[in-house]
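The model shown is predicted, which means the values in this text are computed figures rather than measured ones. Each ligand, and each atom within it, is numbered from 1 in the order the structure gives. Every heavy atom of this structure was used, including side-chain atoms; hydrogens, water molecules and symmetry mates were not.
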Amino acid sequence: REVETPQAPLTPPQRRIGTLTHPDRLYWPDVGATKEGLADYYADVWRYIAPFIVDRPLALLRCPDGMTGQHFFQKNFWKGAGAGVVALDDPAATEGGTLIGIRDFEGLMGLVQAATLEIHPWGASCRDWDRPDMIVMDLDPGEGVPWTAVIDAAHEVRQRLEAVGLAAFVKLSGGKGLHVAAPLVPRADWRAVKAFTQGLARAMASDSPDCYVATITKARRQGRILVDYLRNQRGATAVAPYSTRARPGAPVSMPLAWDELGPEVGPAHFTLATAPARLAALDADPWEGFRKAARPLEIASHDTT
Ligand code: ATP
Ligand code: MN
Ligand code: MN
């Protein structure tokens with residue numbers, strides 16, 4: 001694999017550990033990862049994660065007592081949010097609807113201070129709330145599905161996206177599955193993008209009914225992979241590339257090059273402890289060229305069968 005120069009800005013961020021209260025608080029007690037460790041992790045990966053979390057609505061999985069304590073999934077801005085965490089007013093919201101955003105590294109440190117163990121952005125930026133700039137196809141293996149089948153599913157999603165002129169990128173979810181993302185020039189609206197992704201999921205399920213399902217009905221999922229297209233509707237979220245997960249071992253959702261995808265790299269392979277070394281060794285963004293590869297979703301391309 002060729003090593004290329006990252007296109008993300010290389011400016012190392014300032015660490016603002018001084019603003020953290022309780023830096024020694026254990027967030028992942030099973031691996032001894034602390035709040036300060038989380039801040040250090042995000043300082044290391046800032047240049048990679050920034051394009052996916054700056055200036056877009058964010059939902060946060062907050063765990064004030066760490067991974068083993070109470071979790072809450074928060075979509076709305078709150079009083080007392082730290083410096084750098086900003087309130088976003090959804091232009092389409094009729095009532096309330098003040099959402100959470102960040103503009104810079106200070107904002108990310110504000111999320112750490114607020115015990116954010118997972119960051120879940122929208123697929124649209126605040127420049128255009130109604131036109132997504134990325135698709136995420138979420139592959140959720142049911143009980144008993146081998147990992148190699150999830151990998152096959154990702155390759156099939158890639159083929160179907162490329163068949164309509166889109167570029168496809170893959171990441172480990174940090175949980176149980178894979179996510180395939182396609183950067184979009186924000187032109188089609190949520191309705192068109194959702195319809196397209198629903199069509200893609202349904203086509204996979206009807207072509208290979210023993211392997212895939214497109215609806216979340218639990219009973220049908222045994223031994224099959226849910227092609228979850230519902231990340232692609234207004235207000236829905238998916239975990240950000242490089243976000244940590246509130247799961248044992250402090251795994252992260254790690255972008256891979258397609259040729260890195262294989263049976264030896266499981267969905268929670270990379271962690272807060274190992275991800276920075278991987279990125280440093282790679283010395284390139286594993287999703288090199290993501291934004292440059294964006295294409296508009298053409299309305300005429302909805303037939304994915
Ligand atoms: P896995 O690989 O284990 O499936 P995942 O991140 O894909 O990991 P899913 O359960 O498939 O997890 O995805 C659920 C999605 O719904 C997440 O991407 C997240 O953005 C969103 N979500 C998570 N928790 C909540 C919640 N409590 N309320 C609403 N939406 C949630
Ligand atoms: Mn999933
Ligand atoms: Mn899912």
Under 4.0 angstrom from ligand 1, any heavy atom of [X]?
X: Glu118; result: no
X: Arg247; result: yes
X: Lys75; result: no
X: Ala238; result: yes

Backbone N or O of [Y] within a donor-acceptor pair of the [X] side chain at under 3.5 Å?
X: Thr271; Y: Thr274; result: yes
X: Lys75; Y: Leu99; result: no
X: Asn232; Y: Val193; result: no

Charged N-O contact under 4.0 Å between [X] and [Y]:
X: Arg234; Y: Asp90; result: yes
X: Arg202; Y: Asp207; result: no
X: Glu260; Y: Arg278; result: yes

Sub-3.5 Å N/O-N/O distance, [X] and ligand 1:
X: Gly177; answer: yes
X: Thr237; answer: yes
X: Ser173; answer: yes

Tell me the protein heavy atom at minimum distance from [atom], and give that distance in Å.
atom: atom 19 (C) of ligand 1; answer: His120 ND1, 3.1 Å
atom: atom 13 (O) of ligand 1; answer: Asp138 OD2, 3.8 Å
atom: atom 23 (C) of ligand 1; answer: Phe73 CE1, 3.5 Å
atom: atom 16 (O) of ligand 1; answer: Arg231 NH1, 3.3 Å
atom: atom 7 (O) of ligand 1; answer: His179 NE2, 2.7 Å

Side chains of Thr98 and Asp89: do they bring a donor and an acceptor to under 3.5 Å?
yes
Short side-chain donor-acceptor distance under 3.5 Å, Glu118 and Thr244
no
By atom name, which N, O or S atom belonging to Asp140 lies closest to the Mn ion (ligand 2)?
OD1
By atom name, which N, O or S atom belonging to Asp138 lies closest to the Mn ion (ligand 2)?
OD1
In terms of ring plane angle, is the pair Phe52 and Trp287 parallel, tilted or perpendicular, where the classes change at 30° and 60°?
perpendicular
Do the rings of Tyr48 and Tyr242 sit parallel, tilted or perpendicular, given the 30° and 60° boundaries?
tilted
Closest heavy-atom pair, Arg131 versus Pro186, reported as atoms and distance to 0.1 Å, is O-CB, 3.3 Å
Near Val239, which atoms of ligand 1 are under 4.0 Å from a heavy atom of that residue?
18 (O)
What is the name of the N/O/S atom in Asp228 that sits closest to the Mn ion (ligand 3)?
OD2
With heavy atoms only and a cut-off of under 4.0 Å, state how Asp140 meets ligand 1: side chain, backbone, both or neither.
side chain
Mode of Lys176 contact toward ligand 1 - side chain, backbone, both, neither (heavy atoms, under 4.0 Å):
both
